[in-house]
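Below: one structure, written as structure tokens.
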Amino acid sequence: MIAQDDESDRPRSLTLTSRVVDDITVITVDGLLDATTREEFAEFLSQAGPSLILDLAGVTFMDSRALGLIVHRWQTALSSGGGFALIGVDYARARVIWITGLADRLPLHGSLEEALAALA
């Protein structure tokens, strides 16, 4: 299923979906995480539970503003006693995570199962 803009027939630049697995919110991100989608992404993140897994496998590009939102959500989760993990992170599409040195600090996992185990 492709989400559509209200004003046109072209595909949206960002699709966000959410589900709960073992009391942990799992948000799947498909598309661009940049200045044009920042507000939508921030609003979606704010509605997540205290523990969050972000699946970034469908990200086509991520800028530093989106990374800032992710880091803020990570810090919020940790300070409130929740958990946080990233899965599906690809260097080619989320290069900013490595450029900033955060790839060594953020909880990156290879699969949903691995992230769920780490947060258990």
Side-chain angles (χ1 to χ4, degrees):
M1 179 170 93
I2 297 176
Q4 298 290 322
D5 285 327
D6 293 335
E7 298 102 33
S8 71
D9 291 330
R10 64 188 162 89
R12 291 186 56 176
S13 58
L14 179 65
T15 302
L16 300 163
T17 56
S18 176
R19 62 188 166 123
V20 176
V21 179
D22 297 337
D23 295 325
I24 298 170
T25 303
V26 178
I27 295 177
T28 302
V29 182
D30 289 303
L32 294 170
L33 287 176
D34 65 6
T36 66
T37 60
R38 184 184 190 287
E39 292 303 318
E40 181 181 0
F41 185 49
E43 176 65 26
F44 213 83
L45 287 176
S46 73
Q47 296 175 22
S51 292
L52 173 65
I53 296 173
L54 277 176
D55 182 348
L56 302 178
V59 168
T60 56
F61 173 79
M62 179 191 304
D63 72 6
S64 61
R65 291 180 187 124
L67 180 57
L69 289 173
I70 290 169
V71 168
H72 176 73
R73 187 59 177 91
W74 171 47
Q75 293 170 336
T76 300
L78 295 181
S79 68
S80 67
F84 183 86
L86 297 173
I87 60 173
V89 180
D90 178 66
Y91 177 83
R93 295 181 298 259
R95 186 173 298 128
V96 68
I97 294 174
W98 280 267
I99 291 170
T100 59
L102 287 168
D104 295 328
R105 301 191 63 210
L106 287 166
L108 305 177
H109 298 280
S111 68
L112 178 59
E113 295 74 22
E114 186 181 312
L116 288 168
L119 295 180

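Only heavy atoms go into these numbers, but all of them, side chains included; no hydrogens, no water, no symmetry mates.
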Contacts satisfying salt bridge (Lys or Arg N to Asp or Glu O under 4.0 Å) that involve residues 96-106 (not counting sequence neighbours) are none
Across all chains, not counting sequence neighbours, the side-chain contact (heavy atoms from CB on, under 4.5 Å) partners of Ala117 are none
Connected to Phe61, directly or through other members, by ILVMFWY side-chain contacts below 4.5 Å are Leu32
Sequence neighbours excluded, the answer for side chain to side chain donor-acceptor pair (under 3.5 Å) partners of Glu114 is His109
Correct closest heavy-atom pair for Gly49 and Thr25 would be N-OG1, 3.1 Å
Note: Ser13 and Thr36 closest approach over all heavy atoms is OG-OG1, 4.4 Å
Inset, instruction - Is it possible for you to say whether Ile99 and Leu102 belong to one hydrophobic cluster, with membership spreading through side-chain heavy-atom contacts below 4.5 Å? - result: no
Correct closest heavy-atom pair for Arg19 and Leu112 would be NH2-CD2, 3.4 Å
Sorted by chain and residue number, the side-chain contact (heavy atoms from CB on, under 4.5 Å) partners of Gln47 (sequence neighbours excluded) come out as Glu43
| query | If Ile, Leu, Val, Met, Phe, Trp and Tyr residues are connected whenever their side-chain heavy atoms lie under 4.5 Å apart, and connections chain through other members, are Leu67 and Leu52 in the same group? | reply | yes
Side chain to side chain donor-acceptor pair (under 3.5 Å) filter on Glu39, not counting sequence neighbours, yields none
The side-chain contact (heavy atoms from CB on, under 4.5 Å) partners of Ser64 (sequence neighbours excluded) come to Val96
For Thr60, the side chain to side chain donor-acceptor pair (under 3.5 Å) test, sequence neighbours excluded, returns none
List, one per line, each side-chain donor-acceptor pair under 3.5 Å for residues 76-90, sequence neighbours excluded.
{"unit_1": "Thr76", "atom_1": "OG1", "unit_2": "His72", "atom_2": "O", "d": "2.9"}
{"unit_1": "Ser79", "atom_1": "OG", "unit_2": "Gln75", "atom_2": "O", "d": "3.2"}
{"unit_1": "Ser79", "atom_1": "OG", "unit_2": "Thr76", "atom_2": "O", "d": "3.1"}
{"unit_1": "Ser80", "atom_1": "OG", "unit_2": "Thr76", "atom_2": "O", "d": "3.0"}
{"unit_1": "Ser80", "atom_1": "OG", "unit_2": "Ala77", "atom_2": "O", "d": "3.2"}
{"unit_1": "Asp90", "atom_1": "OD2", "unit_2": "Ala92", "atom_2": "N", "d": "3.3"}
{"unit_1": "Asp90", "atom_1": "OD2", "unit_2": "Arg93", "atom_2": "N", "d": "3.3"}

For residues 51-77, the salt bridge (Lys or Arg N to Asp or Glu O under 4.0 Å) pairs (sequence neighbours left out) are none
Side chain to side chain contact (heavy atoms under 4.5 Å, CB included) between Leu56 and Ile70, intermediate numbers included
CA-CA 11 Å; Leu56 302 178; Ile70 290 169; 4.3 Å; yes
Requested in this report: Run the numbers on Val29 and Met62 for side chain to side chain contact (heavy atoms under 4.5 Å, CB included), then give the verdict.
Outcome: CA-CA 11 Å; Val29 182; Met62 179 191 304; over 6 Å; no
Query raised in the report: Are Leu106 and Ile27 in one and the same hydrophobic cluster, where Ile, Leu, Val, Met, Phe, Trp and Tyr link if side-chain heavy atoms are under 4.5 Å apart?
Result: yes
The side-chain contact (heavy atoms from CB on, under 4.5 Å) partners of Ser51 (sequence neighbours excluded) come to Ile24
_Side-chain heavy-atom pair Leu45, Leu54 within 4.5 angstrom cut-off_ = yes
Quick note, ring-ring contact (aromatic ring centres under 6.0 Å, His included) partners involving residues 34-56, not counting sequence neighbours, are none
